[in-house]
Amino acid sequence: MKLAVKIMPRDVILDTQGRAVEVSMKSNGFVDLTECRIGKYVELTLRTADADQAKIIVEKMLKEGGLYNPLIEKYEIQACL
Amino acid sequence: MSLKIGITRFLGTNCDDDVKKWVQSISHHPEYLWFEDQFNIDDYDMVIIPGGFSHGDYLRCGALAAHTPVMKSVKEFANKGKPILGICNGFQILCEAGILPGVLLKNDSLKFKDEWTSLKVNQNKTIFLNKAQKNQIIRLPIAHGEGKYYAESSTLKKLADNEQIWLTYENNPNGAALNIAGITNENKNVCGLMPHPERALFDWMGGTDGMFFL
């Protein structure tokens, strides 16, 4: 089965990429924009068909495999788009 | 005494040859350590993790390299108290591997910085800077897009209290917390820094302060 992980910079981290896009958008006249933050969206296809087991494997990749860094990022496991 | 120095090589490491030549220039014996292989920690006196763009800097800089077989041995090497020097991407890898605390983020300016910097030697108790004087100002080049050291305030306090901040920038080029250019682990056997000592060895390179490090 397929699961997705949304990884975002933690709120305390200055998101330089998001800030650069924000500045560009504002300078292009999108005055309604107040903030832009950019993260990653990761799709993971797993051998198992069991949703609970799939989630356990993904959690393990996040925490032991280095898929995210808890010091600077937060994540959310989701169904694929 | 001639030391046997292991130099790690990941996909995208690009300062490996410079470090090898540095090691040879002072009559030590270099040997490359391939990222897919573990090594016997008793076979080496020191490990250097050179700079580059390991594994394309994908995911986060140093993150993929940090989770390779060679780093399992490097961790073991660190826990035995043996000396490890991580330069630039090598520093990022040590942080991502959890061997050093904190992480390196994109420079505040969003620009890749390639320039000479003045650095203050905050402590010379590590094997890598014991030839320099405490508070001495040295000059080394930097070349990085992601060199802004970040750690939580409790970690920064601990680093300062334990004298783990061994190098600081005189003029902060990237927004690093406490002007940090390099830190050590608690035991001071593992040292990481963003500047490149291997690019400042001979007069024709523009400076020789890199020689303080080995």
Side-chain angles (χ1 to χ4, degrees), chain A residues 2-28 30 33-47 54-78 80-81, chain B residues 10 35 54-72 74-75 89 91-113 144-156 158-159 172-177 180 183:
Chain A
K2 222 167 160 181
L3 278 182
V5 188
K6 183 175 91 173
I7 301 170
M8 292 298 292
R10 277 178 56 207
D11 298 343
V12 293
I13 300 294
L14 169 72
D15 170 20
T16 46
Q17 192 180 187
R19 184 70 66 86
V21 172
E22 183 185 313
V23 169
S24 167
M25 290 295 157
K26 282 177 179 165
S27 71
N28 284 320
F30 294 98
L33 180 69
T34 57
E35 193 186 11
C36 168
R37 291 184 78 75
I38 296 180
K40 297 184 186 97
Y41 181 82
V42 186
E43 285 186 351
L44 299 160
T45 307
L46 303 159
R47 284 191 204 287
K55 210 177 157 194
I56 290 169
I57 297 167
V58 170
E59 292 266 5
K60 213 168 167 187
M61 279 194 246
L62 283 155
K63 286 165 188 167
E64 294 169 31
L67 194 54
Y68 97 117
N69 185 334
L71 190 58
I72 50 172
E73 293 169 324
K74 55 187 180 180
Y75 70 88
E76 202 179 285
I77 299 174
Q78 304 176 332
C80 274
L81 289 175
Chain B
F10 301 92
F35 77 98
S54 59
H55 301 265
D57 269 359
Y58 295 134
L59 197 60
R60 300 175 306 278
C61 355
L64 297 178
H67 294 84
T68 53
V70 77
M71 287 306 292
K72 285 201 175 100
V74 170
K75 259 183 208 174
N89 186 227
F91 183 18
Q92 295 166 340
I93 294 168
L94 286 170
C95 287
E96 278 288 348
I99 298 172
L100 289 177
V103 69
L104 283 311
L105 300 176
K106 194 173 270 294
N107 296 344
D108 263 356
S109 63
L110 304 181
K111 288 182 180 135
F112 189 96
K113 290 274 187 156
H144 59 247
E146 285 160 320
K148 175 186 170 178
Y149 183 80
Y150 170 83
E152 284 175 349
S153 49
S154 55
T155 307
L156 291 172
K158 218 174 127 193
L159 289 174
N172 195 334
N174 52 30
I180 286 173
I183 58 160

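Chain A is the first sequence line, chain B the second, and so forth, proteins listed ahead of strands; every chain is numbered from 1. Side chains included, hydrogens not; waters and symmetry mates left out as well; all remaining heavy atoms used.
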Whatever's closer than 4.5 Å to a heavy atom in chain B on Val42(A) counts as neither
Turns out that what part of Leu64(B) lies under 4.5 Å from chain A's heavy atoms comes down to neither
CZ of Arg60(B) to NZ of Lys40(A), rounded to nearest 0.5 Å, is 6.0 Å
What do you reckon, is CZ of Phe112(B) surrounded by more than 12 foreign heavy atoms closer than 6.0 Å? yes
query = For atom CZ of Phe30(A), is the number of surrounding heavy atoms from other residues, nucleotides or ligands below 6.0 Å larger than 12?
reply = no
Whatever's closer than 4.5 Å to a heavy atom in chain B on Ile7(A) counts as neither
If one checks every heavy atom of Glu64(A) against chain B at 4.5 Å, the contacting part turns out to be backbone
When the 4.5 angstrom heavy-atom criterion is applied to Leu71(A) and chain B, the contacting part is both
Nearest heavy-atom contact between Leu110(B) and Ala20(A) is CD1-CB, 3.6 Å
d(Arg10(A) CZ, Glu152(B) CD) to nearest 0.5 Å is 5.0 Å
query = For Lys26(A), does the NZ atom sit with more than 12 other heavy atoms under 6.0 Å from it, leaving out its own atoms?
reply = yes
Separation between CG (Asp108(B)) and CG (Leu14(A)), nearest 0.5 Å, reads 6.0 Å
Looking only at heavy atoms, the pair that brings Gly66(A) and Ala63(B) closest together is O-CB, 4.5 Å
Rounding to 0.5 Å, atoms OH (Tyr150(B)) and CD1 (Ile13(A)) come to a distance of 4.0 Å
